[in-house]
Number of protein chains: 2
Amino acid sequence: MKEIEEILERNKIRVTASRLLVYRYLYERRSVVALSEIENAFGRADRSTLYRTIKTFEENRIVHQIDDGTGVLKYALCEPGCNCNIKSDLHLHFHCNECNETKCLTDHKIPPIEVPDGFVAENANLVIKGVCDKCNLN
Amino acid sequence: MKEIEEILERNKIRVTASRLLVYRYLYERRSVVALSEIENAFGRADRSTLYRTIKTFEENRIVHQIDDGTGVLKYALCEPGCNCNIKSDLHLHFHCNECNETKCLTDHKIPPIEVPDGFVAENANLVIKGVCDKCNLN
DNA sequence: TCAGCAATGCAACAGAAGTGCATTAATTCA
DNA sequence: TGAATTAATGCACTTCTGTTGCATTGCTGA
Ligand SMILES: [Mn+2]
Ligand SMILES: [Mn+2]
Ligand SMILES: [Zn+2]
Ligand SMILES: [Zn+2]
């Protein structure tokens with residue numbers, strides 16, 4: 001918890017109770033989570049506070065947003081060194097059709113994609129759907 | 001219009017007025033459209049009818065759904081020979097940050113993507129964001 | 001200390017997706 | 001043909017997500 005305080009301070013984010021808790025939750029889940037999940041995890045906290053907490057994290061680049069195609073925006077802690085806004089750093093995301101969890105495949109970068117003449121690519125989002133490692137054990 | 005009737009019949013879709021109109025609209029737009037755009041194009045038609053029309057097209061594989069990351073589901077006519085459910089046929093989509101239009105890049109297939117051990121890829125969605133050919137002329 | 005700014009809680013809103021149900025239209029088949 | 005059956009439509013309504021306005025509370029730094 002002391003470490004989380006330091007992380008927040010290092011990123012110029014004021015330390016508050018809900019920020020600590022949300023960060024810890026994201027850290028412990030080690031996964032990609034929707035706002036509604038955070039909401040359920042903290043029954044007493046207000047949704048808009050959690051929403052703004054996540055947005056603050058996002059603006060300060062310690063969380064990145066993921067659109068995994070489920071229709072709900074999800075979020076994950078940035079790994080150390082994650083420059084989620086830089087094109088070359090874009091990693092892909094895997095959505096498991098069995099357990100419905102989405103994972104950051106942090107060290108699987110999106111390969112360079114060719115676009116037709118006249119088009120300029122600035123950004124990319126790649127989501128692979130299938131069955132994850134855990135679900136494949138069964 | 002006669003041709004559209006034939007296409008519908010060939011795909012075992014009953015021919016109705018709204019189906020003809022929606023199909024023609026999609027055909028003429030030659031683009032990726034949201035339900036709300038169809039809605040605006042036909043002021044008089046009911047939203048749920050249009051919704052179910054699109055769903056019917058989708059089930060019968062003459063339209064495919066696109067999640068371009070804008071938060072709104074979009075749809076486009078399948079090109080002849082499009083097997084949008086088969087992995088090898090997955091083409092990529094381009095979203096222009098200038099004009100906000102999304103295009104099917106039908107003959108740009110998603111390259112084979114490596115996933116970590118234990119993961120099985122079944123499907124993929126790749127959206128490139130940037131500036132499209134038309135907007136680049138300015 | 002207290003003025004000023006930031007964070008929170010509550011309410012409310014907007015947009016999209018989806019559904020239940022009664023009505024209307026089209027098909028089937030006796 | 002005409003009744004019975006099935007499909008499509010229109011309308012209203014719900015749910016879910018994301019988002020914002022605003023008053024209140026809490027923190028901080030001159
Ligand atoms: Mn990620
Ligand atoms: Mn397409
Ligand atoms: Zn799984
Ligand atoms: Zn454009």
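Computed from a predicted structure; not experimentally measured. Sequence lines set the chain letters: A, B, ... in the order given, protein chains first and strands last, and positions in each chain run from 1.
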Practice problem: Return no unless some side-chain N or O of B:Lys55 is found under 4.0 Å from OP1 or OP2 of C:dA17. | Solution: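 B:Lys55 to C:dA17 OP1/OP2: no side-chain N or O under 4.0 Å.
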Quiz prompt | Phosphate OP1/OP2 of C:dT8: any A:Thr16 side-chain N/O under 4.0 Å | solution =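 Indeed, a polar side-chain atom of A:Thr16 lies that close.
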Quiz item: Which distance, rounded to the nearest 0.5 Å, do you find between the CZ of A:Arg30 and the SG of A:Cys104?
Solution: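 A:Arg30 atom CZ to A:Cys104 atom SG measures 12.0 Å (nearest 0.5 Å).
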Between [options], which nucleotide has the shortest distance from any of its atoms to the side chain of [X]?
| X | options | answer |
| --- | --- | --- |
| B:Ser48 | D:dT9, D:dT17, D:dC11 | D:dC11 |
| A:Arg14 | C:dG9, D:dT9, C:dA7 | C:dA7 |
| B:Thr49 | D:dG10, D:dT17, C:dG9 | D:dG10 |
| A:Arg52 | D:dA8, D:dT20, D:dG18 | D:dT20 |
| A:Tyr51 | D:dT20, C:dT27, C:dA17 | D:dT20 |

Rounded off to whole Å, could you give me the [atom1]-to-[atom2] distance for the [X] and [N] pair?
| X | N | atom1 | atom2 | value |
| --- | --- | --- | --- | --- |
| B:Leu8 | C:dA26 | CG | P | 15 Å |
| A:Ile38 | D:dC16 | CD1 | P | 18 Å |
| A:Leu50 | C:dA7 | CG | C1' | 13 Å |
| A:Lys12 | C:dA6 | NZ | P | 16 Å |
| B:Arg44 | D:dT9 | CZ | C1' | 14 Å |
| A:Glu37 | D:dT17 | CD | C1' | 14 Å |
| B:Leu21 | D:dT9 | CG | P | 11 Å |
| B:Glu39 | D:dG10 | CD | P | 13 Å |

Quiz item: Quick one: the side chain of B:Arg47 and the base of C:dG15, do they pair up donor-acceptor inside 3.5 Å?
Solution: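 Check fails, no donor-acceptor contact within cut-off.
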Self-check item: Any donor-acceptor N/O pair under 3.5 Å between C:dT8 base and A:Arg19 side chain
Solution: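 Donor-acceptor pair under 3.5 Å: no.
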Quiz item: Hey, does A:Lys74 reach any base, or is it just sugar-phosphate, or nothing, if we go heavy atoms under 4.0 Å?
Solution: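 No contact at all - A:Lys74 keeps every heavy atom at 4.0 Å or more from the nucleic acid.
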Exercise. Have a look at B:Ser18 and say if it touches a base, only the backbone sugar-phosphate, or nothing, with a 4.0 Å heavy-atom cut-off.
Key: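 Since only primed, P, OP1 and OP2 atoms lie under 4.0 Å of B:Ser18, the category is sugar-phosphate.
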Quiz item: Do you know the tightest heavy-atom contact between A:His95 and A:Val127?
Solution: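 Nearest heavy atoms, A:His95 then A:Val127: CB-CG1, 4.2 Å.
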Exercise. By nearest nucleotide on DNA chain C, pick out whichever of B:Ser36 and A:Thr53 is the more 5' one.
Key: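 So the residue in question is A:Thr53.
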Quiz prompt | Salt bridge present between A:Glu98 and A:Lys134 (N-O < 4.0 angstrom) | solution =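 Looking at A:Glu98 and A:Lys134, the cut-off is not met.
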Quiz item: Is the distance between the ring centroids of B:Phe57 and B:Tyr75 less than 6.0 Å?
Solution: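 No, they do not, as the ring centres are separated by 6.0 Å or more.
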Quiz item: Ring centres of A:His93 and A:His91 under 6.0 Å apart?
Solution: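 Judged by ring-centre distance (under 6.0 Å), A:His93 and A:His91 do meet the cut-off.
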